[in-house]
Amino acid sequence: MFIKHRYCVLGLAILSLVFGSVASIAEDSSVSDARLNKIDGLLTNARELALQRNEMCGVLIAQLRDVNLSAPARIRCAEALASLNCNEAIAVLIEFIELTDPSAVRPERSIENVYPCIPILAQYGDAAMPQLVKAWVATGDSRKRTMILMSLRHSTICSNAVAFAKGMAIHSVDKGTTASLNELADAIEAK
C-alpha cells in the first residue's frame with residue numbers, strides 16, 4: 001500500500017515537470033516529434049497515477065471506516081489519507097475524530113496523541129475548515145465539539161476559521177445557528 005504512495009508522490013513530481021515542460025513547448029515552435037511523444041507518454045503516466053491515487057484514497061477511506069480493524073491500523077490509514085491530501089476523507093475523519101490511539105498511554109500524552117485525527121484534520125488546513133465549522137454547528141455533543149475546536153485551533157487556519165464562522169453567522173437566518181457560529185468564533189479566538 002505504501003509503495004503505491006511512493007509512486008503517487010513520484011507521479012505528482014512528474015506532473016509538475018510535465019506542466020513546466022508544456023509551458024516551454026508553447027514558446028518553442030521547433031519541438032521535435034520525439035519530444036512530443038515523450039510528453040504524451042508522461043501525460044499518460046500522470047493520468048494513470050492520478051487514477052491510482054483516487055483508488056488508493058477509496059481503499060484507505062474504506063479501511064478507516066472498518067471498525068473491525070485495529071485502531072492503530074485505522075490511524076495509519078488516516079495518516080496516509082492526509083499525506084495523499086485526499087480531501088474526500090475530511091468528512092470521514094470528522095466522523096471518526098474520537099478514534100483513540102491505545103498506545104498513547106504514556107505520561108506525556110496530549111489530546112493530539114490520544115486523538116490523532118485532530119492533528120491529521122489540521123494538516124488539511126483551509127480545505128477542512130468549512131466541514132469542521134459545519135460539523136461543530138451540527139453536533140450537540142460537547143466532547144465532539146471540543147475535538148473539532150482543538151483541530152481548528154491546532155491548525156494554521158485559526159484566523160480563517162474565525163472569519164469563516166463569523167461570515168456564516170452573518171448570513172444565517174436561523175438564530176440558533178447564528179449563536180452557535182458566534183460561539184465557535186469566540187472559542188477559537190480564546191485560544
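Because the structure is predicted, anything quoted here is derived from the model rather than measured. Position 1 is the first residue of the sequence, and the numbers go up from there.
Atom CE of residue Met147 and atom CD1 of residue Ile94 lie 13.5 Å apart, to the nearest 0.5 angstrom. To the nearest 0.5 Å, atom CD of residue Glu88 and atom CG of residue Asn54 are 6.5 Å apart. Of the inter-residue distances, the one linking Arg47 atom CZ with Leu42 atom CG reads 11.0 Å to the nearest 0.5 angstrom. Expressed to the nearest 0.5 Å, how far CD1 of Ile61 lies from SG of Cys77 amounts to 10.5 Å. Of the inter-residue distances, the one linking Lys38 atom NZ with Asp40 atom CG reads 12.5 Å to the nearest 0.5 angstrom. Taking SG from Cys86 and OH from Tyr124, the interatomic distance works out to 5.5 Å, rounded to the nearest 0.5 Å.
Closest non-hydrogen pair, Pro119 versus Pro116, comes out as CD-O, 3.1 Å. Ala78 and Leu64 get closest at one heavy-atom pair: CB-CD1, 4.2 Å. Closest of all the heavy-atom pairs between Asn87 and Gln131 is O-NE2, 4.5 Å. Closest approach of Leu181 and Ala169 over heavy atoms only: CD1-N, 3.5 Å. Of all heavy-atom pairs spanning Gln123 and Ala82, the tightest one is OE1-CB, 3.4 Å.
In this structure, Lys134 has no side chain to side chain donor-acceptor pair (under 3.5 Å) partners at least two apart in sequence or on a different chain. Partners of Glu98 by side chain to side chain donor-acceptor pair (under 3.5 Å), not counting sequence neighbours, listed by chain and number: Arg143. With sequence neighbours left out, the side chain to side chain contact (heavy atoms under 4.5 Å, CB included) criterion links Ala161 to Met129, Leu152, Ile188. Ser142 meets the side chain to side chain contact (heavy atoms under 4.5 Å, CB included) test with no other residue; sequence neighbours excluded. By the side chain to side chain donor-acceptor pair (under 3.5 Å) test, Arg145 is found to be paired with Ser180, residues two or more places apart in sequence or in another chain being considered. The side chain to side chain donor-acceptor pair (under 3.5 Å) check on Asn68 picks up nothing, with sequence neighbours excluded.
Here the side chains of Glu183 and Trp136 are in contact, with some heavy-atom distance below 4.5 Å. Ile97 places none of its side-chain heavy atoms less than 4.5 Å from the side chain of Tyr115.
Screening Leu81, Leu51, Leu84 for a side chain to side chain contact (heavy atoms under 4.5 Å, CB included) involving Met56 leaves a single residue, Leu84. Leu132 pairs in a side chain to side chain contact (heavy atoms under 4.5 Å, CB included) with only one of the listed residues (Leu184, Leu149, Ile148), which is Ile148.
Ion pairing of Glu189 with Lys166 is present here, as a side-chain N (NZ or NE/NH1/NH2) and a carboxylate O approach within less than 4.0 Å.
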- Residues Thr178, Ile170; criterion side-chain contact (heavy atoms from CB on, under 4.5 Å); working and verdict: CA-CA 7 Å; Thr178 300; Ile170 290 170; over 6 Å; no
- For Gln63 and Val59, what are the C-alpha separation, side-chain angles and deciding distance, and is it a side-chain contact (heavy atoms from CB on, under 4.5 Å)? CA-CA 6 Å; Gln63 290 180 345; Val59 168; 4.0 Å; yes
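For the pair Arg74 and Phe96, the cation sits on the ring face: its NZ or CZ lies under 6.0 Å from the ring centre, inside 45° of the axis.
Hydrophobic clustering of Ile, Leu, Val, Met, Phe, Trp and Tyr side chains at less than 4.5 Å, counting indirect connections, unites Val114 with Ile75.
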